[in-house]
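To keep things clear, I will list the structure first and then write my remarks on it.
Labels below follow one simple rule: chain letters A, B, ... track the order of the sequence lines, proteins then strands, and each chain is numbered from 1. Atom set for the values below is all heavy atoms of this structure, side chains included, hydrogens, waters and symmetry mates excluded.
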Amino acid sequence: MKQETKRYLITAALPYANGLKHIGHLAGAYLPADTYVRYLRAQKRDVVFVCGSDEHGTAIPIQAAKEGITSQEMIDKYHPIIAQNFADLGISFDIYHRTSAPIHHETARAFFEKLNNAGELITKESEQYFDEAANSFLADRYIKGTCPNCSNPGAYGDQCENCGKSLSPDELINPVSTLSGNAPIKKNTTHWYLPLDKHESFLKEWIVGEHGNDWRSNVVGQCKSWIDGGLQPRAVTRDLDWGVKLPSNVKGGEGKVLYVWFDAPIGYISATKQWALDNGKDWRPYWEDAGTKMVHFIGKDNIVFHCIIFPVMLKLYGNILPDNVPANEFMNLEGDKMSTSRNWKLEMQDYIDDFIKPENGGTQMADVLRYYLTQIAPESKDSEFTWKGFQDANNSELVSIFGNFINRSLVLMHKLCKGKVPPLHTTILDDLDRATIEAISAAKDRITHLLEEYKFRDALFEVINLARTGNQYMQKKEPWIIAKRQTVDGELLTVDQQLIDNCLHICLQLTANLAILINPFLPFTAKKICYLLKVVDKILDWENAGSMKLLSVGYSLRAPELLFRKIENEEIEKQVEKLKTASEAKGQELRDTGSEIRVSDIKIKNEIQFDDFAKIDLKVGTIVSAKKVEKADKLLQLQIDLGFETRTIVSGIAMHFKPEEIIGKQVTVVVNLAPRKMRGIESNGMILMAEDASGKLYFIQPSTTIDNGSGIS
RNA sequence: GGCGAGGUAGCUCAGUUGGUUAGAGCACAGGAUUCAUAACCCUGAGGUCUCGGGUUCAAAUCCCGAUCUCGCUACCA
C-alpha cells in the first residue's frame, strides 16, 4: 500500500573528487535533480536535496601521487572547486557534503557494524596481490600490467584507461606493483562480503514486480539483466589506508577500510544528518519514514549501485527504499563520447570561464547551458551535444521565441500603455483572449504532470511552447496597428485603447506566468523577469501559475532589458577548435608518456636459470587454417603445421587478424605447453606475438621461410 | 557469443493498451508583417517508420529472423 508523500529526499550522484566534472555529468544527474527540486520547492513541498564529494577509493591516492600531493590535499583541492562549479550553474543543493567528514566516517562505520552484527555480512579468505617490499596488499589500482584486451602496457588492475575495459588484477599480463615496481606475490587476506545472492528474489519482486511500470525501461532492463544473471557476494572491505576504517572492535579489521562503493552511497545519509544539524531538523524521517519519497538522480553507469546494492543495504539497515531512480543515458560531444583520458569533454569549469564570468555573459549564460542540456537530456537514449545545436537552441528558441516575447511585451507596454500595467476590460474580451488565458493554465497542468514523471525535456518544451502561444496571440492582436488608428486630433478612440490594454495586460500576465514555469529550469532567468516586472520572488510559487492576477493594474514596470543575447558563429567555432586542440594535445601527451612507461614501468622479470628456459620447447610452424571460434569475439582456432604433426591451437588474436589473411604465415609455437580447453576446444600450444606501444600485434617468425618443425633456442 | 537499451523527416526526438492521409521542434522554401535581438506570424515541401518474414480486417506498434549503434558480460597461456 502506497503511503501519502509527506516529504522528499532527492539525491544526485556523488561526484568523485579526483578531477573536474564535465557537462555529461551535469546533464545526467545534477541538472535534472535540480530542476525537480526547484519544482518541488515551488510547490512548497518538504524537500531536501543532498549531494557531496566522494573522496575515498584508490583513485584518489593514485591521482594525488601523480600530482605530487597528498590524498588530503587532493580532495581539499577539488571539493571546493566542484562545489563552486555547481553553485555557478545554479545547482541548488541543500547541502554539498563530503565523505571525508567525520560524521560520514561515523555513519558509514555504524552502518557496517549493524549489518555485521546482524550477521548480514559474510567473511571470506582470498588471495590478493601483495607487495613484499612495501609490506602492503595492493588495491587493483596499484597494480599495472598489460591490458589483455588492447595490449596497452600501462593498464591498471581495475581498468585499462586506453580501451576503457574493466579488469580484475588477475587478468593483467605481467602484473607489477606501482608501489615498489616489483612483481607482486599472492597472499591470503580476509574480507567482508555483502551476499547479494541472498536478496535476489526481494530485488526481483521490488524492481520488476513493484516498479516494472513506473521506472524507466533502461533501468528496469539493466537490473533484470543483472538479477537474472545471478548476483555474487560483493566485497565490502579493502586492504587500503585511505577510506573509512573498520570499527576498532572488529576482529581482523586492522589495516582495512570500507570499499568505496559501500561508503559512498551512505554519504547521502551523512549529508542529510549534517544538513539536519545545520538547520535544526531531524534527519531520521527522511530515511526511515515510509512517507518519504526518495529519488536518486544518476547516470546509467551508476544503476547497479543505486538499484541493486544500496537498496539491499538500506533494506538490511531498516531504511526506506528509493521511489524512483531516473537514470540518464550518456551524452556524447561533437560526434564522440566524452572522455577525460582523451580530453574530449567540456568541463563545467571551462564553460563557466568562457561564458558565465561577468565579462563574458553572466548568469544568463548559465541558464543557456541549462536550457540546452535539458533540451537534449539523454532521458531514453544517448544524446549528443554539439556547439551548433547549442547555438541554435539559444538563438532560435531562447532569444527568438522566449526572450523576444517578453521583450516585445515590455516594449509595447512602455510605448502604448505609458509604462504601466494596463487594466483588463472584461466586457470586450473575445474568444482569442479567453483561449490564450486558458492556454496558460493548460500549460501549467501539462508541465506539472511531466515534471512529476521526470520528463524534463518535454516539460521544458511546453514552457517554450507557451511563449510561442504568446507570440501568436500578439501577432493576431497587432496592438501596434491599432495604435495607428488615430482620430483627426491625434487621439485614440477609447475602445481602441481598451483593445490595446487587454492585449498587453494578457501578455504581461503571461510573462509573469512564464517566470513561474521556467523557474525550475532557468532560475536566473526567472529572477530577472521578476526584476523587470518589479515583483518579489515569492510570486514564483507554483500555485501562482495559471493566475491572471500576478501583476497589479497601474503598476509601473522597469525598462526592458534583454534576457538572452545571440551567440555568434565565431564563438562556437572557437569552442569546436578548442575541443579539437585540447584532445590532440592530450593524444600527443599520451603517446609521449606512453613510450616513457615502456622504459620506466616495464620491469624485467626475475632472473631464471638456463634450465628454466630450456624447459620451453619452441618450434616454427605454419598456419594452415584459421577460423573464428563460435561464441567468442577474441578467439581464433588455428591449425598449425609443425612438420611432424599438425595441431590445433586456440589464440586470442581475433580482434587483430582476419582468419583468411593469416593462412600461410609462419609463426613461433610453444609446443610443450600443457593443453587447455577454451570454449570447448582443446588448445595444444601457444603462438608467440610481439606488440608495439599502440597494442598492435605481430607474429614472431624467422627472417626467411624455413622448414616447419625447426627448433628455436 | 549471451543479456539490456536503442535504430522513425537533413538534424534532435514524440508516438500511450495495434485503428482513419505517421507527429513536433530546429534547419529549408514561399508568403505576410514591422512592436520586437532581420526577431515574430502563416503556409509548404520531406519519411518503403533499419531490412526480411509472420499473426491480424488492420502493424512504427505484437511474434520470428537478420543488421547496425551504445552499455553490461563471457572467451584471451
Quiz item: With Watson-Crick and G-U wobble geometry limited to distances under 3.5 Å, how should the secondary structure of RNA chain B be encoded in dot-bracket form, using | for bases paired to another strand and [ ] for crossing pairs?
Solution: (((((((..((((.....[...)))).((((.........)))).....(((((..]....))))))))))))....
Quiz prompt | P gap between B/G18 and B/G30, integer Å | solution = 44 Å
Practice problem: Check the pair A/Asp228 / A/Lys204 against side chain to side chain contact (heavy atoms under 4.5 Å, CB included), numbers first and verdict last. | Solution: CA-CA 9 Å; A/Asp228 290 347; A/Lys204 190 153 192 178; 2.9 Å; yes
Quiz prompt | Separation between the C1' atoms of B/A9 and B/U50, rounded to whole Å | solution = 15 Å
Quiz item: CD of A/Gln232: more than 12 outside heavy atoms within 6.0 angstrom?
Solution: no
Practice problem: Mind checking A/Lys224 for me? I need base, sugar-phosphate or nothing, with any heavy atom below 4.0 Å counting as a touch. | Solution: nothing
Quiz item: Contacts to RNA chain B from residues 298-308 of chain A, heavy-atom cutoff under 4.0 Å, which residues?
Solution: A/Lys300
Quiz item: Rounded to whole angstroms, how far apart are CD on A/Glu478 and C1' on B/U34?
Solution: 10 Å
Quiz prompt | Verdict with reasoning, A/Leu563 to A/Lys528, per side chain to side chain contact (heavy atoms under 4.5 Å, CB included) | solution = CA-CA 8 Å; A/Leu563 291 174; A/Lys528 178 137 187 204; 3.6 Å; yes
Self-check item: Distance below 4.0 Å between A/Gln475 side-chain N/O and B/U33 OP1 or OP2
Solution: no
Quiz item: Taking atom C1' in both B/G44 and B/A32, what distance in whole Å separates the two?
Solution: 14 Å
Practice problem: Please work out if A/Ser380 contacts a base, only the sugar-phosphate, or nothing of the nucleic acid, heavy-atom cut-off 4.0 Å. | Solution: sugar-phosphate
Practice problem: Indicate whether OP1 or OP2 belonging to B/C70 is found under 4.0 Å from a side-chain N or O atom of A/Ser383. | Solution: no
Self-check item: Rounded C1' spacing from B/A38 to B/U33 in Å
Solution: 12 Å
Quiz item: For the side chain of A/Glu379 and the backbone of A/Arg457, is there at least one donor-acceptor N/O pair under 3.5 Å apart?
Solution: yes
Quiz item: Rounded to the nearest 0.5 Å, how far does CG of A/Asn513 lie from CD1 of A/Ile529?
Solution: 10.5 Å
Quiz prompt | Interface residues of residues 403-416 of chain A with RNA chain B (non-hydrogen, below 4.0 angstrom) | solution = A/Asn404, A/Asn407, A/Arg408, A/Val411, A/Leu412, A/Lys415
Exercise. Classify the nucleic acid contact of A/Glu397 as base, sugar-phosphate or nothing, counting any heavy atom under 4.0 Å across all strands shown.
Key: sugar-phosphate
Quiz prompt | Side chain A/Asn394, main chain A/Arg565, donor-acceptor under 3.5 Å | solution = yes
Quiz item: Roughly how far apart, to the nearest Å, are B/A39 and B/A29 at atom P?
Solution: 13 Å
Quiz item: How far, in whole Å, is B/U17 from B/C63 if one measures between their P atoms?
Solution: 13 Å
Quiz prompt | Closest nucleotide among B/C3, B/C42, B/G71 to the A/Gln472 side chain | solution = B/C42
Exercise. Verify, without hydrogens or angle tests, whether A/Gln364 (side chain) and A/Phe524 (backbone) share a donor-acceptor contact under 3.5 angstrom.
Key: no
Quiz item: Below 4.0 angstrom from OP1 or OP2 of B/A5, is there any side-chain N or O of A/Arg216?
Solution: no
Quiz item: Among B/C42, B/A77, B/A5, which is the nearest nucleotide to the side chain of A/Asn218?
Solution: B/A5
Exercise. Could you tell me whether the side chain of A/Glu397 and the main chain of A/Phe402 form a donor-acceptor pair under 3.5 Å?
Key: no
Quiz item: In whole Å, what is the span from the CG atom of A/Asn471 to the P atom of B/C41?
Solution: 5 Å
Quiz item: Between A/Asp430 and A/Asp433, is there a donor-acceptor pair closer than 3.5 Å when you use the side chain of the first and the backbone of the second?
Solution: yes
Practice problem: Rounded off to whole Å, could you give me the CD1-to-C1' distance for the A/Ile481 and B/U33 pair? | Solution: 7 Å
Quiz item: Under 4.0 Å between a side-chain N/O of A/Lys677 and OP1 or OP2 of B/C75, yes or no?
Solution: no
Quiz item: Do the side chain of A/Arg234 and the main chain of A/Leu196 share a donor and acceptor less than 3.5 angstrom apart?
Solution: no
Quiz prompt | Rounded distance in Å between the C1' positions of B/G46 and B/U34 | solution = 31 Å
Self-check item: Derivation of the salt bridge (charged side-chain N to carboxylate O under 4.0 Å, His left out) call for A/Lys300 and A/Glu329
Solution: CA-CA 5 Å; A/Lys300 69 174 164 185; A/Glu329 301 284 303; 3.0 Å; yes
Quiz item: Separation of A/Ile207 atom CD1 from B/G4 atom P, in whole Å?
Solution: 15 Å
Exercise. Give one of base, sugar-phosphate or nothing for A/Leu563, where a contact means two heavy atoms less than 4.0 Å apart.
Key: base
Practice problem: Would you kindly say whether A/Asn471 and A/Arg468 are connected by a side-chain donor-acceptor distance under 3.5 Å? | Solution: no
Quiz item: Are any side-chain N or O atoms of A/Asn328 and backbone N or O atoms of A/Ala377, one a donor and one an acceptor, separated by less than 3.5 Å?
Solution: no
Quiz item: Between B/G7, B/A39, B/C75, which one does the side chain of A/Met678 approach most closely?
Solution: B/C75
Exercise. Look at all strands and tell whether A/Lys455 reaches a base, only sugar-phosphate, or nothing, counting heavy atoms closer than 4.0 Å.
Key: nothing
Quiz prompt | A/Thr374 side-chain N/O to A/Arg370 backbone N/O, donor-acceptor pair under 3.5 Å | solution = yes
Quiz prompt | d(CG, A/Asp392; P, B/A24) in whole Å | solution = 19 Å
Self-check item: Which nucleotide in B/U33, B/U8, B/A77 has an atom nearest any side-chain atom of A/Arg676
Solution: B/A77
Quiz item: Does a salt bridge link A/Asp458 with A/Arg446, judged by any charged N lying under 4.0 Å from a carboxylate O?
Solution: no
Quiz item: Which of residues 456-468 of chain A sit near RNA chain B, with a heavy atom under 4.0 Å from it?
Solution: A/Arg457, A/Phe461, A/Arg468
Self-check item: Geometric class of the A/His211/A/Trp215 ring pair [parallel <30°, tilted 30-60°, perpendicular >60°]
Solution: parallel
Quiz item: Taking the nucleotide of RNA chain B with the closest heavy atom to each, which residue, A/Met686 or A/Glu561, is nearer the 5' end?
Solution: A/Glu561
Quiz item: Where the side chain of A/Tyr371 meets the backbone of A/Leu460, is there a donor-acceptor pair that is under 3.5 Å apart?
Solution: no
Exercise. Verify, without hydrogens or angle tests, whether A/Thr668 (side chain) and A/Ile700 (backbone) share a donor-acceptor contact under 3.5 angstrom.
Key: yes
Quiz item: With sequence neighbours left out, what residues match A/Phe355 under ring-ring contact (aromatic ring centres under 6.0 Å, His included)?
Solution: A/Tyr351, A/Trp387, A/Phe390
Practice problem: Provide, to the nearest angstrom, the distance between the CG atom belonging to A/Leu618 and the C1' atom belonging to B/A77. | Solution: 13 Å
Practice problem: Quickly work out the A/Lys476 NZ to B/A32 C1' distance and round it to whole Å. | Solution: 14 Å
Quiz item: How many Å lie between NZ on A/Lys627 and C1' on B/G1, as a whole number?
Solution: 16 Å
Self-check item: Residues within residues 668-675 of chain A bordering RNA chain B, heavy-atom distance below 4.0 Å
Solution: A/Leu673
Quiz prompt | Below 4.0 Å: OP1/OP2 of B/U69 and any side-chain N or O of A/Lys337 | solution = no
Exercise. Can you tell me, in whole Å, how much space there is between the P of B/U8 and that of B/U61?
Key: 14 Å
